[in-house]
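The structure under discussion appears below in the form of structure tokens.
Values reported hereafter were calculated over all heavy atoms of this structure, with side chains retained and with hydrogens, waters and symmetry mates removed. In what follows, chains carry the letters A, B, and so on, assigned in the order in which the sequence lines appear, proteins first and then strands, with residues in each chain numbered from 1.
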2 protein chains.
Amino acid sequence: MNPDSESDAAAHLELFPSGHSTAASANTVLPEATVRRLTSYLRALDLVNEEQTTVSSQGLAEAAGTNSATLRKDLSLMGTYGRRGVGYDVKLLRELLENTLGLNREWRVMLVGAGNLGRALAGYAGFSSHGFRFVGVVDNNPDLVGMKIHDLDVSSSDKISAIVTEHRANLAVVTVPGAAAQHVVDELVEAGVRNILSFAPVRVTVPAGVTVRRVDVAREIQMLAYFAVAGGGMDK
Amino acid sequence: MNPDSESDAAAHLELFPSGHSTAASANTVLPEATVRRLTSYLRALDLVNEEQTTVSSQGLAEAAGTNSATLRKDLSLMGTYGRRGVGYDVKLLRELLENTLGLNREWRVMLVGAGNLGRALAGYAGFSSHGFRFVGVVDNNPDLVGMKIHDLDVSSSDKISAIVTEHRANLAVVTVPGAAAQHVVDELVEAGVRNILSFAPVRVTVPAGVTVRRVDVAREIQMLAYFAVAGGGMDK
DNA sequence: ATTTGTGAAATTATTCACAGCT
DNA sequence: AGCTGTGAATAATTTCACAAAT
């Protein structure tokens, strides 16, 4: 199973069950590890020299923190054609990655939870530059309702459904405490949201067809602690 | 290589190179995937009934979102002994997990970046409850210097080294913009910090022996977008 | 009667290495 | 000569399935 994804929506069937899966094009779902690296490749593309119109698997892989064989395998899964002896066209590759990742669409994001974390995310440039636009913010703290966060009015939490509908939100970011998370997610799902990024430190359950990805900060710092102790990065 | 870890410090040698790696006890470094799940098991333990003194691999795995075989394999890597026909002792298992993950130590955490994200993390209860204590906060925004964040005074960024030394910080959390990240990390490393959790959206380079774990929020939302599109969770 | 611990099998992911194109 | 695309080889991880323990 998928370690960070909490629904079955990401665990997919092979659409060409038998042998001939050569150059799968956009039909097969890519492995999660590959998708993770695709985001790195996209970011690494920003680092290539402005004048450079082409980039080698070697060069890009280094910037992205992998090796060239992995990169070529990854790209070949999307049916990409670089040019032998030359490399990959930078512009084309960026488009391919953006299309594959679904960043060419408009994602209308509903933010639930307007605390420090929510505010940090609402202001994060890395979202807006890739098609993610916040269309609504709610919080159940009355002190926050009415405040403005990056041009958006904070509404009361009982408006979730209305706002999702009005702005046709197709993605939600949840930054509420663990105790509130399941309830909030239920409401979002009920309102029709099928894609949720949750920062709450609990596992939530959702119906089939809904994907929840979780960012678990506590887990990350715990894993850091483990490798520090096990790997000798612990002083005294 | 390790997808989320940016130094070699987490990629370790097998300490018993040849065959007999049965019941590895605390000597071998665990696979990253196992460590990730250990954090889930620890969290799932909080969900077991107060009166329940023992838990089965089946029950705990379900709460943690895996299957029982994986859980038993994971625990067996730490040389654990549950009791056949009975299960695992809840209290003992929690201790084992905390010890293994290094959560029984005191982690003195230096926070660099006191923006919304930094403040959110400084106030996050999930840290303090597992041995992570913030000992200093710096920011290079003069407006923030002198402010208090959860009992800590925000200092100017040029105090990094002094504060790390004074409080013997052994872990740092970095929430600065990408452009500042490498510089900040260099200073932390120079000051002796060997374990860094970075939220900056860039890859940083560090000397061998220093571990950087990165939490990349942009990546997570992009991956969510991919699975939404590829998996049919995209309306219209 | 349960439930662990673990070899063996199956599956998945990564890396090698080189033929084939430019 | 340089660099991709990809089968084949290797490595890592997960799952099966059952003997051993209580």
Side-chain angles (χ1 to χ4, degrees), chain A residues 1-3 10-14 17 19-25 28-38 40-41 52-62 64-90 92-93 96, chain B residues 1-3 10-14 17 19-25 28-38 40-41 52-62 64-90 92-93 96:
Chain A
M1 246 287 226
N2 230 320
H12 279 283
L13 306 166
E14 170 67 51
H20 66 97
S21 60
T22 328
S25 100
T28 318
V29 173
L30 303 170
E32 167 145 352
T34 292
V35 177
R36 169 171 292 115
R37 285 189 297 263
L38 295 189
S40 300
Y41 303 152
Q52 215 177 318
T53 141
T54 212
V55 66
S56 69
S57 60
Q58 174 70 223
L60 192 60
E62 238 154 60
T66 354
N67 65 315
S68 62
T70 301
L71 183 143
R72 291 200 302 277
K73 247 286 134 77
D74 284 339
L75 295 188
S76 79
L77 292 176
M78 308 172 355
T80 293
Y81 298 110
R83 294 182 56 213
R84 301 184 184 208
V86 180
Y88 299 89
D89 183 275
V90 172
L92 232 62
L93 183 53
L96 175 70
Chain B
M1 246 289 225
N2 230 318
H12 279 283
L13 305 166
E14 170 69 48
H20 66 96
S21 59
T22 327
S25 100
T28 318
V29 173
L30 304 168
E32 167 145 353
T34 293
V35 177
R36 169 171 292 115
R37 285 188 299 263
L38 295 189
S40 300
Y41 303 151
Q52 214 177 319
T53 141
T54 210
V55 66
S56 70
S57 60
Q58 174 69 222
L60 191 60
E62 237 153 61
T66 353
N67 64 317
S68 62
T70 301
L71 183 143
R72 291 200 302 279
K73 251 282 139 74
D74 284 340
L75 295 189
S76 79
L77 291 176
M78 308 172 356
T80 293
Y81 298 111
R83 293 182 57 213
R84 302 185 185 207
V86 180
Y88 299 89
D89 183 275
V90 171
L92 232 62
L93 183 53
L96 175 70

So, is [X] close to the [N] phosphate, meaning a side-chain N or O under 4.0 Å from OP1 or OP2?
X        : N       : result
Arg83(A) : dG2(D)  : no
Ser57(A) : dT4(D)  : yes
Thr70(B) : dT15(D) : yes
Asn67(B) : dT14(D) : no
Arg37(A) : dA13(C) : no
Tyr88(B) : dG5(C)  : yes

Provide, to the nearest angstrom, the distance between the [atom1] atom belonging to [X] and the [atom2] atom belonging to [N].
X        : N       : atom1 : atom2 : value
Gln58(A) : dC16(C) : CD    : C1'   : 14 Å
Leu77(B) : dT15(D) : CG    : P     : 14 Å
Tyr81(B) : dA20(D) : OH    : C1'   : 13 Å
Leu75(A) : dT14(C) : CG    : C1'   : 15 Å
Asp74(A) : dT12(C) : CG    : P     : 17 Å
Leu93(A) : dC3(D)  : CG    : P     : 16 Å
Met78(A) : dG5(D)  : CE    : P     : 11 Å
Arg72(B) : dC18(D) : CZ    : P     : 14 Å

Fill in: CD on Gln52(B) to OG1 on Thr54(B), rounded to 0.5 Å
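Reported to 0.5 Å precision, the distance equals 8.0 Å.
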
For residues 64-72 of chain A, run the donor-acceptor check on the side chains, cut-off 3.5 Å, and write out each pair with its distance to 0.1 Å, sequence neighbours left out.
unit_1, atom_1, unit_2, atom_2, d
Asn67(A), OD1, Thr70(A), OG1, 2.6
Ser68(A), OG, Arg72(A), NH1, 3.4
Arg72(A), NH1, Ser57(A), OG, 3.2

Fill in: Any N/O donor-acceptor pair, Lys73(B) side-chain to dT14(D) base, under 3.5 Å
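Absent.
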
As a test of reading the structure: which of [options] is closest to the side chain of [X], going by heavy atoms?
X        : options                  : value
Ala69(A) : dG5(D), dC16(C), dG5(C)  : dC16(C)
Arg84(A) : dG5(D), dT22(C), dT6(C)  : dG5(D)
Ser56(A) : dT14(C), dT22(C), dT4(D) : dT4(D)

Item to complete: Return the set of residues passing side-chain hydrogen bond (donor to acceptor under 3.5 Å, both in side chains) with Tyr88(A) (not counting sequence neighbours), or none when no residue passes.
Response: none

Discussion item. With heavy-atom distances below 4.5 Å as the criterion, would you say the side chains of Leu93(B) and Val90(B) are in contact?
Written reply: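 No - every pair of side-chain heavy atoms lies 4.5 Å or more apart.
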
Practice prompt. Select base, sugar-phosphate, or nothing to describe what Thr80(B) touches, counting heavy atoms under 4.0 Å on all strands.
Written response: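 Sugar-phosphate, no base atom in range.
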
Practice prompt. Check Leu75(B) against Thr80(B) and note the closest heavy-atom contact, atom names and distance.
Written response: O-OG1, 3.2 Å

